[in-house]
Amino acid sequence: MTTLSETYRNHPITDHHIIPLDFDSLDEVPESHSWPQFDEHLNKIQTHDLKDSLIPVIDLASPNARNLIGQACETWGMFQVINHGVPSELVKKVEYESRRLFALPTHEKCKVLRSADGATGYGSARISPFFDKCMWHEGFTIMGSCVDDAKVLWPDDYQAFCDTMDAYQRHMKLLSHSLLLIILETLDVTQEELNWALSTQDSQGALQLNSYPRCPNPSLAMGLAPHTDSLLLTLLNQSGLSGLEIFVEGSGWCRVQPIEDAFVVNVGDLLHIFSNAKFPVLSHRALVNQSKHRISVAYFHGPPIVSRVAPSSRFQKPCFRSLLVKEYLILKAKHFSRALSLIRT
Ligand SMILES: C=C1C[C@]23C[C@@]1(O)CC[C@H]2[C@@]12CCC[C@@](C)(C(=O)O1)[C@H]2[C@@H]3C(=O)O
Ligand SMILES: O=C(O)CCC(=O)C(=O)O
Ligand SMILES: [Fe+2]
């Protein structure tokens, strides 16, 4: 089976873009991590709190959920979902285990460093090489079993971490399938297209644990730089601490306030392509906090990497060309935010 790891094999990134700083040892933001333009930007554009009425909060158990989800995807490419059926104890356990991982000393975490051409393990975000400055962020990427890495980190105490991440990935896969089914039904796609998006075999799922340590000067630092997510759908748990911002045309950067027990759901590049741009894909970023260490947990769902992606056949005038999912991810790894414009027809 072709995997994401194989896709990245020809696009290695250098070590200094992978190894995060030992953030806890710092009492000021080093030059390498201070974003001067970002500082100017902050002065110019007021960061708004998004009112609930803007990014919809949708109760999955309500009879109206389907319509609301369809509308939210068209208007925003994003919504928050509550009453989704994922046990809140499991969500708490994932937060607890993530904090346990990031609390390890840097030299321990570096024992499971993501390799230059790899997809899983500990390290800075894959988008790091596209920015001059480094981010105030460390991550741990899991695809399927994480037992090999967990055994390295905790030789005698790895089971709880693995069991928690396995159970969470199972729940995330089910929830992303239910949401995608609703979303795709609103597009009225063919059965074959539904099978493609919801394929249980060979579909891509990745779990990203994000850590944003306390920062001495948050106005200089960037947690996660602006980006769009590459796959079909992302389900994000903000762990109760705000930091996520979306770029809204005409308003600038707006904060998406966390809601208890909610997941932020957003359209990724592949769903934007499949919906023939009917669903927008939002640029988003994460800012950091002076007094609190923020954790977020993102699950990315995608179709099989060897399949093709194109606008659904229901669209008469496709505005993107058809290509292999793998080819798109290679384009994204090479050209980052220009990838979508490169496949416009
Ligand atoms: C499946 C994936 C999506 C992702 C790249 C990855 O292979 C695993 C990590 C994901 C992540 C998380 C942080 C932001 C992001 C842009 C990045 O650099 O790594 C996303 C990637 C993505 O959606 O392109
Ligand atoms: O931490 C956040 O709020 C955003 C994380 C994110 O955008 C991602 O993991 O892709
Ligand atoms: Fe993201």
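Keep in mind it's a predicted model, so treat the numbers as computed, not measured. Counting convention: from 1, in listed order, for ligands and their atoms alike. In what follows, residues are counted from 1 in the order of the sequence shown.
- The shortest N/O to N/O separation between Gln208 and ligand 2 does not fall below 3.5 Å.
- For atom 12 (C) of ligand 1, a protein non-hydrogen atom is found at a distance below 4.0 Å.
- Between Phe336 and Phe130, the distance separating the two ring centers is shorter than 6.0 angstrom.
- When heavy-atom distances to ligand 2 are checked against a 4.0 Å cut-off, His284 comes that close only through its side chain, counted from C-beta outward.
- Residue-level proximity to ligand 1 for Met143 is carried by the side chain, the only part with a heavy atom below 4.0 angstrom.
- Relative to atom 24 (O) of ligand 1, the option among Ser230, Ala333, Ala339 with the closest non-hydrogen atom is Ser230.
- With a 4.0 Å heavy-atom cut-off, ligand 1 is reached by the backbone of Arg126 and by its side chain too.
- The shortest separation from a heavy atom of Arg294 to ligand 2 is under 4.0 Å, placing the residue in contact.
- Tested against Trp136, the residues Tyr212, Phe23, Trp35 include a single ring-ring contact (aromatic ring centres under 6.0 Å, His included) partner, Phe23.
- Inclusion of Asp229 in the set of residues having an N or O under 3.5 Å from an N or O of ligand 2 is warranted.
- In terms of distance to the Fe ion (ligand 3), the nearest N, O or S atom of Asp229 is named OD1.
- Contacts between Thr234 and ligand 2 below 4.0 angstrom, taking non-hydrogen atoms only, are absent altogether.
- Less than 4.0 angstrom separates atom 22 (C) of ligand 1 from at least one non-hydrogen atom of the protein.
- Contact atoms of ligand 2 toward Leu244: 3 (O), 4 (C) (distance under 4.0 Å to a heavy atom of the residue).
- Closest N/O/S atom of His227 to the Fe ion (ligand 3): NE2.
- Near Leu231, meaning under 4.0 Å from one of its heavy atoms, ligand 1 places the atoms 1 (C).
- Looking only at atom types and distance, the side chain of Ser313 has a donor-acceptor partner in the side chain of Glu193 under 3.5 Å away.
- Nearest protein heavy-atom contact of atom 6 (C) of ligand 2 is Leu224 CD2, 3.5 Å.
- Every atom of ligand 2 is numbered from 1 in the order shown, and the set under 4.0 Å from a heavy atom of Ala298 is 9 (O).
- Under a 4.0 Å criterion applied to the non-hydrogen atoms of Tyr212, ligand 2 contributes the atoms 1 (O), 2 (C), 4 (C), 5 (C).
- Considering backbone and side-chain atoms alike, Leu224 places every N or O at 3.5 Å or more from each N or O of ligand 1.
- From the protein, the heavy atom lying nearest to atom 5 (C) of ligand 2 is Asn210 ND2, 3.5 Å.
- Of all atoms in ligand 1, numbered sequentially from 1 with element shown, those under 4.0 Å from a heavy atom of Thr141 are 8 (C).
- With respect to atom 6 (C) of ligand 1, the closest heavy atom belonging to the protein is Tyr8 OH, 3.6 Å.
- Summary of contacts: the protein heavy atom closest to atom 1 (C) of ligand 1 is Leu4 CD1, 3.2 Å.
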